[in-house]
Amino acid sequence: MMSGPNSVCTVSFSVIPGPVAALAHRTTRLTWLLLLGAMLCLLAACGTTQKVGPGYYRVQSGDTLTQIAREHGQTVHSLMRMNDIRNANVLRVGQVLKVGTGGASATSSSSSTSTSAPSPVLPRPANAIDMIWPADGSVDARAKKPSPHGIVITNRAGTPIKAVADGKVVYAGDALRGYGNLVIVDHASGFLTVYAHNQSLDVKEGQRVKQGQRIAAMGSSASNQVGLYFEVRYQGKAVDALRYLPRR
């Protein structure tokens, strides 16, 4: 039970023989799954922002002007011109950009009760790991995603899903609602990668995987289309996946 900002939640376990030990083990795993599900939902919620009107976009953590331009059918130069941006590498979280035609006012849609100054978009960390693409296919920019920083790669059902880098599988299952058959791989330097909506899984929790190793098959579990939802997280926060994948 948790109450108040300074509460501490302590869980203790003892070694119990026989069937009781097995029950305790299942309870521990269920608790871990619930905590993991809550973490993903919370992190996804933290990555969302208040909606703005048609033709506008609010900058979120991890965004780049190149990504925003690509997702809205613009060029970097056109966005810089429309928004009087002098340095394409300088964006602020919470900044509202004009990305197309629309009658909404950026001023009215960007009002906030927060008194803190918007934080700058974090640059790609120096310890970023080298990644490969997790699957062959096309990136569907219009697909609905748990996080705006993730991507959906579409192809035929059964297309191999590969680990983007060496790591350890910390989750493999379908207990997290909305993700279908899901694999989460823990990499070095604080990076996690998420692979969701798979048709089948080829790895187990605790298994070590190598870059390029098949870990799943593309599918449509918990989704209305065949495709891989892929996400990169750095130190617990979703970051722009396209910034970490090589150019095609």
Side-chain angles (χ1 to χ4, degrees), residues 32-48 60-63 67 122 124-125 128-141 143-155 159-246:
W32 184 85
L33 287 175
L34 291 173
L35 288 174
L36 181 60
M39 179 190 74
L40 284 173
C41 291
L42 178 61
L43 291 175
C46 289
T48 60
Q60 301 183 47
S61 178
D63 279 348
Q67 172 206 3
L122 295 176
R124 178 184 167 109
I129 59 177
D130 292 328
M131 298 184 184
I132 63 172
W133 279 80
D136 294 331
S138 303
V139 176
D140 186 353
K144 293 183 179 180
K145 304 169 290 186
S147 166
H149 303 302
I151 59 174
V152 174
I153 302 174
T154 59
N155 206 329
T159 298
I161 305 300
K162 299 167 288 187
V164 298
D166 294 356
K168 180 179 180 181
V169 178
V170 293
Y171 181 80
D174 61 356
L176 299 181
R177 185 176 181 182
Y179 289 85
N181 293 321
L182 171 70
V183 176
I184 301 177
V185 179
D186 183 14
H187 306 283
S189 306
F191 284 90
L192 286 172
T193 49
V194 177
Y195 313 76
H197 305 309
N198 300 294
Q199 182 182 72
S200 59
L201 305 181
D202 298 326
V203 292
K204 298 180 180 180
E205 291 175 21
Q207 181 177 338
R208 292 279 180 181
V209 294
K210 293 291 186 180
Q211 184 180 67
Q213 179 179 338
R214 175 173 170 147
I215 59 175
M218 185 178 293
S220 57
S221 57
S223 176
N224 57 6
Q225 72 176 85
V226 175
L228 167 70
Y229 171 68
F230 174 73
E231 188 176 298
V232 178
R233 290 187 174 272
Y234 177 62
Q235 295 182 345
K237 296 182 179 180
V239 293
D240 180 9
L242 292 175
R243 294 181 64 194
Y244 293 87
L245 296 174

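In this text, all values refer to a predicted model and were calculated from it rather than measured experimentally.
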Side-chain donor/acceptor pairs under 3.5 Å, residues 130-141, sequence neighbours excluded:
unit_1 : atom_1 : unit_2 : atom_2 : d
W133   : NE1    : P246   : O      : 2.6
D140   : OD1    : R142   : N      : 3.1
D140   : OD1    : A143   : N      : 3.4

Do V209 and V169 make a side-chain contact, defined as non-hydrogen atoms from C-beta onward lying under 4.5 Å apart?
yes
Side chains of L192 and Y234: does their closest heavy-atom pair fall under 4.5 Å?
no
Any side-chain heavy atom of V170 sitting closer than 4.5 Å to one from V185?
no
Return yes when atom NZ of K145 has more than 12 non-hydrogen atoms of other residues, nucleotides or ligands closer than 6.0 Å, and no otherwise.
yes
Point-to-point distance, once rounded to the nearest 0.5 Å, from CD of Q199 to CG of N181
9.0 Å
Which distance, rounded to the nearest 0.5 Å, do you find between the CG of D63 and the CG of L242?
11.0 Å
Student check: side-chain heavy atoms of L228 and V152 closer than 4.5 Å:
no
Enumerate the ring pair (Phe, Tyr, Trp, His ring centres under 6.0 Å) contacts for residues 203-227, please, sequence neighbours excluded, ordered by first and then second residue.
none
Beyond-backbone contact of S221 with Y179, side-chain heavy atoms, under 4.5 angstrom
no
As an exercise, state the distance from CD1 of I215 to CG of L201, rounded to the nearest 0.5 Å.
8.5 Å
Heavy-atom check, side chain of T193 versus side chain of I184, under 4.5 Å:
no
Interatomic distance, CD@Q235 vs OG@S189, rounded to 0.5 Å, equals 9.5 Å
Give the intermediate values and the outcome of side-chain contact (heavy atoms from CB on, under 4.5 Å) for residues V194 and F230.
CA-CA 5 Å; V194 177; F230 174 73; over 6 Å; no
Would a 4.5 Å heavy-atom cut-off, applied to side chains only, mark Y171 and E205 as touching?
yes
Can you tell me how far the CD1 atom of I129 sits from the NE2 atom of H187, to the nearest 0.5 Å?
5.0 Å
After noting the C-alpha distance and the side-chain angles of V183 and V203, does the key distance pass the side-chain contact (heavy atoms from CB on, under 4.5 Å) rule?
CA-CA 8 Å; V183 176; V203 292; 4.1 Å; yes
Give a yes-or-no answer on whether the side chains of S220 and H197 include a donor-acceptor pair shorter than 3.5 Å.
no
Atom CD of Q60 and atom OG of S147: how far apart are they, to the nearest 0.5 Å?
7.5 Å
Y195 and Y229: aromatic ring centres closer than 6.0 Å?
no
Does the side chain of Y244 come within less than 4.5 Å of V164's, by heavy atoms?
no
Not counting sequence neighbours, list each pair that qualifies as a side-chain hydrogen bond (donor to acceptor under 3.5 Å, both in side chains) and has a residue in residues 209-218.
D202-R214
